[in-house]
Amino acid sequence: MSSVTPFCGRQAEIEQLSRALDQATTYETPISVLVVGEQGIGKSRLVSRWIERLREQACEVRVLSACAGPNDAPGALISRLLAQRFAKEQGDVAALRPQFEAVVGDRRVAEFLHFLAPFLAIEPPDNAFVRALREDPTEYARIGRMVLRRFIELDAARGPLILVADGLERADDESLSILYEFAEQLQGAPVMIVGCARPQLMVAHRDYAKFEGEHVRIELQPFDDQEVLALCRQLLPGLSPLPDALADAVLQSTAGSPLFVERFVSSLVAERVVTRDGDRWQVDHDRLDDVELPVSVQDAVAIRIAVLERREREVLERAAILGSVFWRGALACMQRFEQSAAGQPIWPIDAAEEQLDPTLAELAERDYILALPDTSIAGEPEYAFKHNLERELLYDRIAPQSRARYHRQVAQWLETRLRTRNEDQLELLGQHFELGGASQRAAYCYLRAGAQARQRFSNMRALTFLRRGISLLTNDDAPAKIDGLRTLIAICEELARPEEASRCAEEMLQIAWLFGELHHASDALRSLGRLARTRGEMTLAREQLMRALALLPQEGAARRVAATHEELGQVAWAEGDYPEALSQHQRALELRRHGDDQSLVARSLIRIGRVRFDAGNFEMAATRIEEALSIYRALNDKAGVIESFVALGSVHRAQSKYQRAFELWTNALHIAHETENRLSEARILVRLGEAASQLGRVREAEGQLDRAAGLAEELGNQALLIEAKRALSETYLALEKIDQAREVAEQSVGLATQLGLRPQRARALRALANVEAARNEEGPRVRAQQMFAEAIELFEEIGSYPELARTLYAQADLFDRSGAWKEADSCRKRADGLKH
C-alpha cells in the first residue's frame, strides 16, 4: 500500500471549497469554511487534496496550516499558523524585521512586532507605553488581536491567504475566538479560513458557526458502497474486479468510513489475506474465510500492532513516547540508555542501532510512519505517525515504569538539542519530565516558560505555565516556589482573579515564615493588604500592611518600604483620612527620590496630588500633578501623561475652570485614541460624561457614558462597567428616563454584588436609591430609604467617609421630600461633620 492515502470521491465538496476561494479573491473579503465530520471521515484529506489541486493549477495563493492540540496554551493554534508564515525566522527579531517591513513598511515594524510578540515567541521592545499596558493585560491582548487582524489584511493584499486550522474541536478558546474575529472583522482582505472539526465543536461552541460574515459549512457524509469499493481499488491496484467475498467483507465492516476502509485493508495485508505479487495484489480466499475480520477501527489498529515484529514494536513504542512527531536521534538515544542499563559496551555502535534506519524505512513502507521532508531540530531526521490511533494504542501498551523511564530519556535528549529554548520548547521539556516523574525538573521548565510569557505580556499563557510549575514544587524548592508565587499573584491581580491571588499570597507567606524570609513575607503581606483594600476591607488591609512594614529592616529595603507606605496611603485616602494619607505618600516619595526609577517618583506625586485635591487644597494638588506630568513627558510615558491630564482636569473642574478641565480631558482622550489605549478612553469618557451631566449637557453626557459602558463591556473590565452604568443611571435620571435609569442602576448593583466589590456596590445602591426616590411614591420611597441605609452602612464599614457624606446628603434630600425635616437636618449635620 502507498504511504500516502489515495483520494477518492468528494468532488462536490472540492468544488464548494473552490467556489468559496473564488468569492474571497473576487470580492476581496474574508470567507470561512467549516468542514465537519466524524473521526476518519476524511476532513483533513479533503482539504489536503484541494490544496494539492490548487498547486497543480498554479493558483497563486499562500497556505498556512496548523493543527490544534488537546492541551494547548491559549492562542497556541494561532502561534502555529504564524510560525508557518515566518518559518525559520520565528523567534528571531532580526530575521523577522525584513519580513514585516515588506508587509507593513519600515515605520510600523516596531509597533507590529511589539503587539504580535505573544504569537511570535519574541520579547517586545520596551517603552513607557508598553509598561503601562502591562498593567492592563486585557487591553494589551485586545490591541494585539486588532494588530494581528491588520497584519493579516495587509499580508493578504499582497496575495490571497488560506488559513487551515485542523482539529478545531480540540482548540483552546482564545484561538477559536481569534479565528471567529478573522471571519467577521477582516476588511478588504482575500482571506479564506478553513477549519476541520468533529461535531463536538458544535456542542462545546454553539456559536462558532454563526458568523455575521460569509460562512460555508461542509458536512462530510460516509462513503456510499461505490465510493468504498473505489477506494479499495485504489489501495490495492491491479486487484480488479474485487472478489465478491472481499467486497462484501469491506462493505459490511467499514460503515463508509474512509479511514476504516484504509485500516481494514491494512489489517488484511498484515494478516496475509491480501499479498503483493510484483505490481499486483492477490487474495488468499482460504485465509479470508478463516481470519477473524476487524469490526471497528480500533480492532483494525490492534491487528496492525499485533503483527509487528518485536524489534519494530519497540521502535514504534519509543517513538510514541515523543508524540505524533519524533526524531531518529531520540530513538537511538533511548536505545543506548537501555543498552547501558543492561551493561552492554558503549562502543562501537551495536547491530541494534545499525538496524534502526532499515527498520524505520520498513515501517514507512508498510504505512505506519511517514518520513518528513523538513526537521524542526537541525541534523535530526524527523518522522510522523501516519495515524494517531496507532500511536495512542502503542503508548497505552507500554508498562507505566518503562513509560516514565522513556519520558526522562527523551527530556534529557531534547535538552542536549534545544540550546535556546522558547516557551513551547520549555513546555515540551516540562511535559516529558513531568510524565517521567521528575517533578522538580518539570516545574523549573514550566516556571521558565511562564517567565518568558510574562515578559511578552502573554498573561494567560504565563498563568497556565506558572500554575503547573508551582503545583509540582514542594517546600524543598522554597526560593523557586516563592518567585513563582510572586509572579502569579501579580498576574492574578492584573487578570482580576482576587481569590486566587489571595490564596497564592497566603501560601507565599506560609513558606516565607517557615524559612524566616522577611522580605518575601513582607511582599506577601503587602499583596494581601492591597487585595483587602480592593474588596473594601480597610481595617484588614491596614493590619496586613502594618505587619508587612514591621518585618522590613531599616536599611536595604527602601523600595519595599516605599511601596508599603504607598499602600497605607491608599487605604487612608479611601477612608477620607487625608492627613494620614498625605503623610504615608510623602514617606514613599522621599524614599523614591533617592532611587533610580523616576516613574515611581511620578506615581507618588500623582497620589499626593489626589490626596491634596480631595482635601480641598487645589493649588498644591495642581503643583504636584504638574511635577508628575513633567516627569512623564521626559520619559515619553503617554499613559502617565494621560493620568496627569485626568487628575489636573479634576482640579480645574473643582475650581470652576470648566473649559480648561474639558481641554485637558479632551487632550487625554486624543492620546488614548492615538495610542489605542481603549481602557483609558473608557475611563476618560466616564469622567467627561459625569461632568457634562453636572453642567446640564445631559444629552452629551448620555452619549459619552453609553460609549464608556460599551467599551468597558468589550474590554471585560467589570469594575469600570459598574461605574459607567452607575453614572449612566444618574444621567438617565436627569433626562427623566426613569425606567432606563432604574434598569442600568440595577445592573450596576447586581454586577458589584456578584463580584463582591463593596465600594462599587455602595455607590451603585446610592444611584438606585436616587432613582426610586424620584418616583415620588410611597413604595419606591421606602425602598430608597432602605437602599440609602444599606449604602451608608457599607461606607461606614469600609471607612470611606467622603462617599458616606455624599450619601447622607442624598438621604437628607429624600427626607425633605417626605416632610421628615428633622431627620433631614440630622443627616446634613452628620455629613457636614465628616467634611472637617
Side-chain angles (χ1 to χ4, degrees), residues 69 71 88 90-91 121 311-361 363-364 368-385 388 391-392 394-395 397-449 452 465 468-469 472:
N71 299 307
K88 296 180 181 179
Q90 175 80 347
R311 171 176 50 83
E312 295 169 335
R313 186 165 58 252
E314 286 178 349
V315 167
L316 286 180
E317 284 177 351
R318 290 169 184 165
I321 291 290
L322 286 111
S324 298
V325 175
F326 59 93
W327 299 270
R328 189 258 186 214
L331 301 181
C333 177
M334 295 164 75
Q335 190 164 285
R336 293 187 206 113
F337 266 109
E338 298 303 299
Q339 291 169 355
S340 176
Q344 297 182 22
I346 59 174
W347 297 109
I349 296 174
D350 79 348
E353 185 169 340
E354 290 179 348
Q355 292 176 1
L356 184 56
D357 287 325
T359 300
L360 291 171
L363 291 169
Y368 288 92
I369 62 175
L370 294 170
L372 299 181
D374 299 314
T375 179
S376 55
I377 297 180
E380 296 291 348
E382 190 167 318
Y383 296 83
F385 279 92
N388 208 44
R391 189 200 75 83
E392 291 172 358
L394 284 160
Y395 185 86
R397 289 169 58 101
I398 305 172
Q401 187 175 2
S402 298
R403 190 185 303 166
R405 184 175 69 253
Y406 287 154
H407 277 294
R408 290 195 299 274
Q409 293 168 2
V410 167
Q412 292 171 75
W413 180 82
L414 286 170
E415 280 191 311
T416 67
R417 296 301 187 272
L418 303 176
R419 300 297 183 184
T420 57
R421 298 164 193 162
N422 60 31
E423 293 156 40
D424 292 336
Q425 291 166 335
L426 285 167
E427 182 183 20
L428 179 63
L429 276 172
Q431 288 171 344
H432 282 297
F433 276 127
E434 184 178 1
L435 292 169
S439 298
Q440 185 183 53
R441 299 291 305 278
Y444 290 162
C445 291
Y446 291 140
L447 292 177
R448 286 178 59 193
Q452 287 190 14
F465 291 137
R468 291 174 71 178
L472 293 172

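Remember, it's a predicted structure, so these values are computed and weren't measured experimentally.
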How close do Gly469 and Ala443 get, counting heavy atoms only, and between which atoms? O-CB, 3.3 Å
Partners meeting salt bridge (charged side-chain N to carboxylate O under 4.0 Å, His left out) with Arg313 (sequence neighbours left out): none
Taking all atoms of both residues into account, what is the closest heavy-atom pair of Ala411 and Leu429, and its distance? O-CD2, 3.3 Å
Can you check whether Tyr444 reaches Phe433 side chain to side chain, under 4.5 Å on heavy atoms? no
For Ile398 and Glu317, which heavy atoms make the closest approach, and how far apart are they? CD1-O, 3.4 Å
Sorted by chain and residue number, the ring-ring contact (aromatic ring centres under 6.0 Å, His included) partners of Phe385 (sequence neighbours excluded) come out as Phe326
Once rounded to the nearest 0.5 Å, what's the spacing between atom CD of Gln409 and atom CG of Leu331? 11.0 Å
Which distance, rounded to the nearest 0.5 Å, do you find between the CD of Glu382 and the CG of Leu370? 11.5 Å
Could you state the interatomic distance from SG (Cys445) to CD (Glu415), rounded to the nearest 0.5 Å? 6.0 Å
Rounded to the nearest 0.5 Å, what separates atom CG in Leu418 from atom CD in Gln425? 4.5 Å
Do Phe337 and Gln412 have side-chain heavy atoms sitting under 4.5 Å apart? yes
So, using side-chain contact (heavy atoms from CB on, under 4.5 Å) as the criterion, who are the partners of Leu428 when residues are at least two apart? Leu414, Gln431, His432
Closest approach of Thr375 to Glu380 (non-hydrogen atoms, all atoms of both residues): OG1-O, 2.6 Å
Sequence neighbours left out, what passes side-chain contact (heavy atoms from CB on, under 4.5 Å) with Arg448? Give chain and number order. Arg421, Leu426
Side chains of Glu312 and Thr359: closer than 4.5 Å at any heavy-atom pair? yes
Are the side chain of Gln452 and the backbone of Ala449 linked by a donor-acceptor contact shorter than 3.5 Å? no
Ser439 versus Leu472, closest heavy-atom pair with distance: O-CB, 3.8 Å
Compare all side-chain heavy atoms of Glu338 with those of Met334 and state whether any distance is below 4.5 angstrom. no
With no hydrogens and no angle check, do the side chains of Glu314 and Gln335 hold a donor and an acceptor under 3.5 Å apart? no
On a heavy-atom basis, which atom in Ile369 and which in Leu360 lie closest, and how many Å separate them? CD1-O, 3.6 Å
If you measure from CZ on Arg318 to OH on Tyr406, what distance do you get to the nearest 0.5 Å? 4.0 Å
Non-hydrogen side-chain atoms of Val315 and Tyr368 separated by less than 4.5 Å: no
Hits for side-chain contact (heavy atoms from CB on, under 4.5 Å) against Leu435, two or more places apart or cross-chain, chain-then-number order -> Tyr395, His407
CZ/Arg408 to CD1/Ile321 distance, rounded to the nearest 0.5 angstrom? 11.0 Å
With sequence neighbours left out, what residues match Tyr446 under ring-ring contact (aromatic ring centres under 6.0 Å, His included)? none
